[in-house]
**Q** 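I'd like to ask some things about the structure below.
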Amino acid sequence: MYHQMKMMMYGVRDDERPFIEQWQEQNHIDVQLTDQLLTEETVDQARGYDGIVAFQQLSYSNRMLQRMTEIGIYNLSLRNVGVDNIDLKQVAKLGIKLTNVPVYSPEAIAEFTVTQLMQLLRRTKEYTQKFEKHDFRWAPQISKELNQQTVGVIGTGHIGQCAIRIFQGFGAKVIAYDKFHNPELERQGLYVDTLDELYCQATVITLHIPLFPSTQHMIDATAIAKMNPGVIILNAARGQLIDEQALIDGLDRGIIGGAALDVMEDEIKVFNRNLGDQKIDYPEFNNLFSRDNVLISPHTAFYTDVAVRNMVEVSLNNNRQLIETGTADNLISTD
Ligand code: COI
């Protein structure tokens with residue numbers, strides 16, 4: 001008998017629903033929605049479905065993956081790009097086919113990064129605090145200009161390239177580091193050969209690379225010691241790229257002049273939650289959050305209408321392709 005394809009979608013937010021409904025109407029495929037995250041406790045709800053579409057910052061546990069295969073589901077499509085919260089060895093071992101959305105809106109992340117840099121350069125956090133007390137004087141918050149900065153872009157994939165275009169539009173000098181060289185950026189002569197060169201020249205450093213074991217804590221005390229005094233660090237990639245204690249020491253010693261963090265090492269303790277008056281049990285967060293020259297945002301760089309639409313549509317298309325063909329254009333390689 002003809003089998004009608006069915007998908008189960010976890011972690012659904014209200015802002016995603018209109019895009020999901022539109023996709024369902026166009027594709028005539030049944031998608032069951034839940035706002036619950038995909039865990040060992042919730043995975044059984046997908047029994048009888050052909051594929052799972054998920055989105056969460058929480059790690060996908062190995063026991064959940066195991067259980068998924070026990071109930072006969074091998075197709076898992078993530079609505080985001082990063083796959084650092086899922087054990088790819090386990091995915092491969094269990095024969096799960098995993099997809100992501102590799103490019104949903106690099107502009108969203110790049111524009112947010114530049115916004116945060118502008119806020120740091122123009123010292124808006126300090127001004128807002130003064131204005132709240134009806135102190136409308138200019139001084140002493142004299143600012144810096146972006147066109148005077150040398151911006152070191154680490155990672156020149158889709159997001160890094162967008163960021164570079166915007167920084168150049170403001171007249172900043174851009175230098176870049178990546179293991180893989182983009183031919184157009186190479187032609188422009190933007191690449192430095194080593195991170196040390198970038199650290200030594202940049203007045204602003206922005207991270208646009210994935211989290212791998214090799215990139216974990218790449219910004220540590222040793223790296224910071226090589227940087228220009230007063231350097232600004234921007235991170236809208238992954239929290240674990242930066243050793244937060246080393247960042248705090250660098251700020252205390254004035255080597256680091258400011259930071260904008262859209263991601264943090266232990267962010268799931270705080271981000272995307274309404275904590276009200278609760279005490280926050282995360283000393284590095286509390287320290288950094290209290291500083292005038294540090295901006296913290298709760299992993300919101302991705303959160304735009306364009307990005308959310310693409311995350312929904314592409315992940316559903318990926319899951320459909322997996323179910324229909326056993327593979328997908330956005331299949332994650334697990335070798
Ligand atoms: C990603 O797409 O990997 C992101 O960082 C978005 C996030 C909210 C999971």
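Each ligand, and each atom within it, is numbered from 1 in the order the structure gives. Any value given below was found using the heavy atoms of this structure, including those in side chains, with hydrogens, waters and symmetry copies removed.
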**Q** Any side-chain heavy-atom pair from R17 and D14 closer than 4.5 angstrom?
**A** yes
**Q** Taking only heavy atoms of Y104 into account, list the atoms of ligand 1 that are under 4.0 Å away from them.
**A** 1 (C), 2 (O), 4 (C), 6 (C)
**Q** So if I count the atoms of ligand 1 from 1 in the order they appear, which ones are less than 4.0 Å from some heavy atom of H299?
**A** 4 (C), 5 (O), 6 (C), 7 (C), 8 (C)
**Q** What residue and atom, counting heavy atoms only, is the protein's closest point to atom 9 (C) of ligand 1, and at what distance?
**A** N80 ND2, 3.7 Å
**Q** For ligand 1, find out whether one of its N or O atoms is nearer than 3.5 Å to an N or O atom of A237.
**A** no
**Q** At what distance, to the nearest 0.5 angstrom, does CZ of F167 lie from CD of Q149?
**A** 10.0 Å
**Q** Sequence neighbours excluded, which residues qualify as ring-ring contact (aromatic ring centres under 6.0 Å, His included) partners of Y199?
**A** none
**Q** Looking at G82, which atoms of ligand 1 are within less than 4.0 Å of one of its heavy atoms?
**A** 1 (C), 3 (O)
**Q** Do we get R13 above F55's six-membered ring, with its NZ or CZ under 6.0 Å from the centre and within 45° of the axis?
**A** yes
**Q** With heavy-atom distances below 4.0 Å as the criterion, list the atoms of ligand 1 near F302.
**A** 8 (C)
**Q** Side chain, backbone, both or neither: which applies to R238 and ligand 1 if a contact is any heavy-atom pair less than 4.0 Å apart?
**A** side chain
**Q** Strictly distance-based, threshold 3.5 Å: is any side-chain N or O of T150 a donor or acceptor partner for the main-chain N or O of T203?
**A** no
**Q** Please state whether F55 comes within less than 4.0 angstrom of ligand 1, counting heavy atoms only.
**A** yes
**Q** Charged N to carboxylate O under 4.0 angstrom, D135 versus R137?
**A** yes
